[in-house]
Amino acid sequence: MYNYQLHKQVNDSLKKNKIAVAGKDNLFYTRITANASSIQDLYMQLYEHHAKGAETFNVLLQTIINAYKRRPHVLKERDESKEISDH
């Protein structure tokens, strides 16, 4: 289900981290956007009653973005080739 607030939160985080959503990072953008609701749902199952649960969801988003940014280029290329061969 589409969640405007979540989509905006993800887009703001990507923009802040200079992720090229229309360029070289489009596959990552597509994947994180497509899975953001599921990620948030699973996160909230664990932390919705925690005093800072909603607040620290941004930390999780940043961790995902940082992991992507540190991912070696050769592995990003492999990800892209898997996407193409899966279709």
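Keep in mind that what you see is a predicted model, and the values were worked out from it rather than measured.
- Atom CZ of R78 is separated from atom NE2 of H73 by 12.5 Å, given to the nearest 0.5 angstrom.
- Judged by the 6.0 Å distance and 45° axis criteria, K76 is positioned over the aromatic ring of Y68.
- Summarising the geometry, atom OG belonging to S81 is positioned 7.5 Å from atom CG belonging to D79; distances are rounded to the nearest 0.5 Å.
- Linking Ile, Leu, Val, Met, Phe, Trp and Tyr whenever their side-chain heavy atoms come within less than 4.5 Å leaves Y29 and L27 in two separate clusters.
- No path of Ile, Leu, Val, Met, Phe, Trp and Tyr side chains, each step under 4.5 Å between heavy atoms, connects M44 with Y4, placing them in separate hydrophobic clusters.
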Just distance, no hydrogens or angles: give the donor-acceptor pairs under 3.5 Å from side chains in residues 51-66, sequence neighbours left out.
{"unit_1": "T56", "atom_1": "OG1", "unit_2": "Y43", "atom_2": "OH", "d": "2.4"}
{"unit_1": "T56", "atom_1": "OG1", "unit_2": "K52", "atom_2": "O", "d": "2.9"}
{"unit_1": "T56", "atom_1": "OG1", "unit_2": "G53", "atom_2": "O", "d": "3.3"}
{"unit_1": "N58", "atom_1": "OD1", "unit_2": "Q9", "atom_2": "NE2", "d": "2.6"}
{"unit_1": "Q62", "atom_1": "OE1", "unit_2": "N17", "atom_2": "ND2", "d": "3.1"}
{"unit_1": "Q62", "atom_1": "NE2", "unit_2": "N17", "atom_2": "OD1", "d": "2.9"}
{"unit_1": "Q62", "atom_1": "NE2", "unit_2": "N66", "atom_2": "OD1", "d": "2.8"}
{"unit_1": "T63", "atom_1": "OG1", "unit_2": "V59", "atom_2": "O", "d": "2.8"}
{"unit_1": "N66", "atom_1": "ND2", "unit_2": "Q62", "atom_2": "O", "d": "3.3"}

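- In the hydrophobic cluster analysis, where Ile, Leu, Val, Met, Phe, Trp and Tyr join through side-chain heavy atoms closer than 4.5 angstrom, I39 is grouped apart from L42.
- In this structure, the separation between CD on E48 and CG on D41 is 10.0 Å, given to the nearest 0.5 Å.
- Only one option out of K15, K8, H7 pairs with N11 in a side-chain hydrogen bond (donor to acceptor under 3.5 Å, both in side chains); it is H7.
- For the atom pair OG1 of T33 and CG of N26, the computed distance is 9.0 Å after rounding to the nearest 0.5 Å.
- D25 contributes no side-chain N or O that, together with a main-chain N or O of F28, makes up a donor-acceptor pair within less than 3.5 Å.
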